[in-house]
Asks: 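Pasting a structure here, questions to come.
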Amino acid sequence: GIAHNITVDVPMTILDVGATVLDYAGVAPLEGMTAQSFRGLLEGTDPNKRNRTYVQSGLQSGAFTKDPFDQTYDFRLVIAELIAELDGWNSTYKYICCAGECPGSPSTVSPIDDDGMTRLLYDTINDPFDSTDLKLVYPDIAEELRQQLPTENLFTCAKPSYAKPSYAE
């Protein structure tokens with residue numbers, strides 16, 4: 001059964017509710033569904049065996065066939081809870097990549113990069129208001145999350161020139 005009085009602090013998305021309902025009903029997920037059941041977490045499974053490590057999202061103002069720079073806004077983001085024992089990091093980070101300026105971003109945002117993209121990294125636990133961009137402080141975390149960004153619909157957030165190559169130590 002479902003465990004009582006527990007808190008689960010792992011990445012989830014509202015889409016996972018549908019997969020969880022299907023799991024309880026004994027029905028296989030539909031082909032192409034990216035949602036993942038969190039039934040095990042509800043039943044008290046060790047959160048280290050979480051259903052997902054990343055939550056991805058994005059928003060764009062126009063048709064998916066349009067170039068991202070030809071739209072009012074177009075961005076992708078990924079959020080990951082990175083557990084010290086498993087990942088070497090101990091917080092939840094959010095990486096955002098916007099074509100041009102990020103909509104609604106605070107005045108503390110780094111300038112737009114040379115390729116026209118804005119890249120941001122926030123620690124959502126210690127900085128819940130997203131006021132301090134950490135991409136230059138933690139370039140390895142930024143690069144790890146950048147690689148998890150959704151790339152559908154002509155959106156590509158290339159590796160920035162200031163990022164350390166993955167083979168470098």
Asks: Can you find a heavy atom in the side chain of Leu145 that is under 4.5 Å from one in the side chain of Leu121?
Replies: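 Yes, their side chains come closer than 4.5 Å.
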Asks: OG1 of Thr124 to CG of Asp130: how many Å apart, nearest 0.5 Å?
Replies: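 Atom-to-atom, Thr124:OG1 and Asp130:CG are 7.5 Å apart.
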Asks: What are the two closest non-hydrogen atoms of Glu101 and Ile112, and how far apart are they?
Replies: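 Reported closest heavy-atom pair: N-CD1, 3.7 Å.
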Asks: By salt bridge (charged side-chain N to carboxylate O under 4.0 Å, His left out), which residues pair with Arg146, not counting sequence neighbours?
Replies: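 Once residues adjacent in sequence are excluded, the partners of Arg146 under the salt bridge (charged side-chain N to carboxylate O under 4.0 Å, His left out) criterion are Glu143.
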Asks: For residues Arg119 and Asp113, determine if any side-chain heavy atom of one lies less than 4.5 Å from a side-chain heavy atom of the other.
Replies: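 The answer is yes, as the side chains (C-beta and beyond) meet within the 4.5 Å cut-off.
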Asks: Treating Asp127 as the side-chain partner and Thr132 as the backbone partner, does any N or O pair qualify as donor plus acceptor under 3.5 Å?
Replies: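 Indeed, once roles are kept as given, a pair shorter than 3.5 Å links the two residues.
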Asks: Taking Asp16 for the side chain and Ser37 for the main chain, is one N or O donor matched with an acceptor at less than 3.5 Å?
Replies: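 Side chain of Asp16 to backbone of Ser37: no pair is present.
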Asks: Quick one: list whatever passes side chain to side chain contact (heavy atoms under 4.5 Å, CB included) with Val17, sequence neighbours left out.
Replies: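 Ile14, Val21, Phe38.
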Asks: How long is the straight-line distance from CD of Gln36 back to CG of Leu41, given to the nearest 0.5 Å?
Replies: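 Leu41 atom CG to Gln36 atom CD measures 10.5 Å (nearest 0.5 Å).
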Asks: Using the test side chain to side chain contact (heavy atoms under 4.5 Å, CB included), find all partners of Ile2 that sit at least two apart in sequence or belong to another chain.
Replies: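 Tyr24, Leu42.
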Asks: What about Tyr122 and Phe129, same hydrophobic cluster or not, with Ile/Leu/Val/Met/Phe/Trp/Tyr joined at side-chain heavy-atom distances under 4.5 Å?
Replies: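 They do not share one cluster, since no chain of ILVMFWY contacts under 4.5 Å joins Tyr122 to Phe129.
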Asks: To the nearest 0.5 angstrom, please state how far the CD atom of Glu144 sits from the OH atom of Tyr95.
Replies: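 Between Glu144 CD and Tyr95 OH, I get 12.0 Å after rounding to 0.5 Å.
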Asks: For residues Cys97 and Met117, report the shortest heavy-atom separation together with the two atoms involved.
Replies: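 Between these two residues, the closest heavy atoms are SG-CE, 3.6 Å.
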Asks: Using the side-chain contact (heavy atoms from CB on, under 4.5 Å) rule, pick out the option among Ile96, Leu149, Thr118 that qualifies with Cys157.
Replies: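 Only one of Ile96, Leu149, Thr118 forms a side-chain contact (heavy atoms from CB on, under 4.5 Å) with Cys157, namely Leu149.
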Asks: Going only through I, L, V, M, F, W and Y residues with side-chain contacts under 4.5 Å, is there a path from Val137 to Ile141?
Replies: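 The answer is yes; both residues are in one hydrophobic cluster.
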